[in-house]
Structure formats: C-alpha cells, structure tokens
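Take a look at the structure set out below.
For ligands, and for the atoms within them, numbers begin at 1 and follow the listed sequence. The basis for the numbers below is simple: all heavy atoms, side chains too, and nothing from hydrogens, waters or symmetry mates.
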Amino acid sequence: MATINDHYLKLKAGYLFPEIARRVNHFATEHPTANIIRLGIGDVTEPLPEACRMAMVQAVHDMGDRATFRGYGPEQGYSWLREKIAHHDFQSRGCEIEPSEIFISDGSKCDSGNILDIFGKHNSIAVTDPVYPVYVDTNVMAGHTGEANGHGTYAGLYYLPITAENNFTAAIPPQKIDLIYLCFPNNPTGATASKEYLQSWVDYATAHKSIIFFDAAYEAFITNPDLPHSIYEIPGARDCAIEFRSFSKNAGFTGTRCAFTVVPKGLTAQALDGTGIELWGLWNRRQSTKFNGVSYIVQRGAEAVYSPNGQAQVRALVDFYMENATIIRNQLTTAGLTVYGGVNAPYVWVKTPNEISSWDFFDYLLHHTHVVGTPGSGFGSAGEGYFRISAFNSRKNVEEAMERVITNL
Ligand code: MLT
C-alpha cells in the first residue's frame, strides 16, 4: 500500500480559518436568519481598483489577438512587472533590489510555505507566538518539527513570545537560530517594527549566518512615515533576508492572486559539505520546475497598481480599510476594552474582557452578536486571552458589527 507523509498527522485540528468557517457555517445552518458579519479572516471586500480592472480587460483583448497572445510566461514573472516593483517598492526607498531578484507568484502564503523546499531538514527555526499559522504548519508538513503538546506548541520549533510587555516585538534569542520568521506590520497583532529593531535582527542574522523570512504583506498599511516598509531598508539585509510581498491586501487581489518574493543575489546558505550556495539560483530552479507563473492577465492587473491612477486608487482602498480599523479601535476602547494594533495594520488585537478565553469570546460574539472574529489562541498559545478583529469589510458592516459588540459586552 502507498504510504502518506506522516508529518501531516502531527497537525493540530484544521487550519485556523477553515476551522472558523466550519463553526460559523454550523451556526448559520442552525440560525438561517442570522445576519452574520465576518471580521475573522483578513479577506478584502471592496472592488478591485479601476486601473487594475481596465488593465485586465485590455489584457483579455490581447489574448484574443494572435499578434499579442501570450502562452507560457516567464516562471519568474514578466519583466515589465518586475521592473515596476523594483523601482516603486524598493529603489524609491533606497533599497538596492534589482528586477531579476523579484519572483512573481500567486501568493505570499504559498511562497512562505514553498520556500522551505530550498532549505535543509536540520535548521533551527524560530517563529513568534502568536504567529501566522502557515509558518508553523508548513514546517510541520515538511517534517521540521516533533509532535505538538496540549497547547499546540511543536517540539523542535523555537517560539518567541510577543506580548503587550514587549510591544509584540520578540526579544532576540540568546542562541543561534538558522531560520527566523518575522512579519511586520504584524499579523495577527498589528504591531510594527522600527528600523532600529529590524537592524538588531539583521545584525543577529549576520553574526549567526541565519536567514530571516520577512513577511511584509501588510506594508501598505503603514501610516507612520518613520517605519520601514521593507527589510532591505536596513543595512546588511540583502545578505540575510528573503522578503514576501503581496497585492492581496493593498490592491484587493485575494481572489485575483498575485504576490512576489524577493531573493537577493549573493544571499547564501550552506550545502552539507559546507559550501556557500546562492539561494537565488535554488529558488529560480524551484520556481522554474514547480511553477508556471501567474497569468498574463493578472500580471497586467498588478502592473496597473503602479500607474498614477492605480497608485491613487490603491491608496484610497488602504485608507478606507484603515478608517475601518480606527472605528474598531475607537469603539472598543470606548467600551472599555484594551486594544492594540489597527494604526499601521488592518488588524486590531483585542484583550478579551474578564479574562475569558479566546474561543469562549469567539463563541460569545458569534451567538450574541453574530459577529465573527479570530480567537487569538488560534495563532499560538501566547495569543490566548486575545481576539483579532479584521478591518477588511464594508463601512456599513464594520459600524453595525461594532454597535452590536459594544451593546453586548
Ligand atoms: C489572515 O486572516 O490572517 C489572512 O487572511 C491570512 C492570509 O492572507 O492568508
């Protein structure tokens, strides 16, 4: 009989968001008239920017004409998109990133899991607690961990607690860790990292020859001009960091699918015999073998993000969600709750009232207000006692949800 990848058996329950959907669907079946407002998964609700839609329509027409039709594109993405990203997202901020170092993909979630393909089995790995669950689960699937304990904490992973006491920014570990996942602006806590803080990680990674996986999927939501948008704004980061970016949240591409990963040339890790090997070449090889690129139509849509109209429309979208975040923060604060995040990030991280558990608060809100959030403990044991509320929804729904929540606290 064929055998399975037994590491999958170590995974705890379902992936967080399908598990929430399962509970919500069950509730909806039993309460078919309930008007459920979903502020759980960070999925966008507002229409795609017009500039992106128009570019995609034009691209559809291109596909209908033999002269402009495209078959397989470059696995790494079209050069016209990679050039715009390099210029607008990096070079304009003083980061030395070349178009050839940008790999277009269909999502940061996929890339942050797939990147493990090019790393060895015996790296020490650090994640924050709480954390975006994909970083943990993909390492479990790859066999990089032992079993989970009763709190869902996996043997073999090094957890860096992020709490209100440390401003949701992890302390630098005393020992050497090979692979470190950092996410700023942070999912789920909405915390941010200063340049000084990121410099301390870059210095650590440089000293230990570690690699930082830097997830910057939410950089567009930064409102404080002093905060870095990319780890490559930090001197030395080219030699120790891979960055993940996405069009999902800034341009509303969660359903359209386009993202990119930056792998600087010259960034190396060791082969078993101790030789330093360039990661760019390995990732290029991996992508060329296992991925056929993002569709031409979608890449044209993403390219339009960088047009003057696209920039204005994306800014308006981001501002819209951030106004939602402000409403959520203000309403919950006025109602007496302690809230974090929601200033430079679309997530508000709320302390549950009266010390009730994250899942109990989830159930309470679902049953009494028909509002869905995400239990903090779903992001890790240090998330217990917290609850994440996403600002991704219509204004009407956010206002209605907050009204329901504060009258039922
Ligand atoms: C979230 O809610 O944390 C995000 O939607 C996750 C994701 O983008 O995959």
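- For the pair Lys109 and ligand 1, the shortest N or O to N or O distance does not fall below 3.5 Å.
- Annotation: Gln175, atom CD; neighbour count of heavy atoms from other residues, nucleotides and ligands within 6.0 Å is above 12.
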- Message: One pair to check against ring-ring contact (aromatic ring centres under 6.0 Å, His included): Tyr340 and Phe168. What are the steps and the verdict?
- Response: CA-CA 9 Å; Tyr340 304 93; Phe168 303 101; 4.9 Å; yes
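- Here Tyr347 has side-chain heavy atoms under 4.0 Å from ligand 1, and that is the only part of it that gets that close.
- For the ligand labelled ligand 1, residue Tyr218 lies inside the 4.0 Å heavy-atom shell.
- Closest to atom 9 (O) of ligand 1, if we only count protein heavy atoms, is Tyr132 OH, 2.5 Å.
- With hydrogens and angles disregarded, no donor-acceptor distance shorter than 3.5 Å links the side chain of Ser92 to the backbone of Asp89.
- A pairwise comparison of heavy atoms in Val294 and Arg257 identifies CG1-O, 3.7 Å as the closest pair.
- Ligand 1 lies nowhere less than 4.0 angstrom from a heavy atom belonging to Asp43.
- Nearest residue to atom 2 (O) of ligand 1 from Gly40, Gly42, Gly378, Ser248 is Gly42 (criterion: closest heavy atom).
- Taking the ring axis of Tyr78 as reference, the NZ or CZ atom of Arg70 stays within 45° of it and closer than 6.0 Å to the ring centre.
- For ligand 1, the atoms closer than 4.0 angstrom to any heavy atom of Arg388 are 1 (C), 2 (O), 3 (O).
- With a 4.5 Å cut-off on side-chain heavy atoms, Leu11 and Asp137 count as touching.
- Considering backbone and side-chain N/O atoms, Asn187 comes within less than 3.5 Å of an N/O atom of ligand 1.
- Taking the centre and axis of the six-membered ring of Trp280, the NZ or CZ atom of Arg285 falls outside the cone set by 45° and 6.0 Å.
- Across all their heavy atoms, Phe221 and Met322 have their closest contact at CD2-SD, 3.6 Å.
- Taking a cut-off of under 4.0 Å to the non-hydrogen atoms of Phe17, the atoms of ligand 1 that pass are 1 (C), 2 (O), 3 (O).
- Looking at atom 4 (C) of ligand 1, its nearest protein heavy atom turns out to be Lys249 NZ, 3.4 Å.
- Here is the list of ligand 1 atoms found below 4.0 Å of a heavy atom in Ile41: 2 (O), 5 (O).
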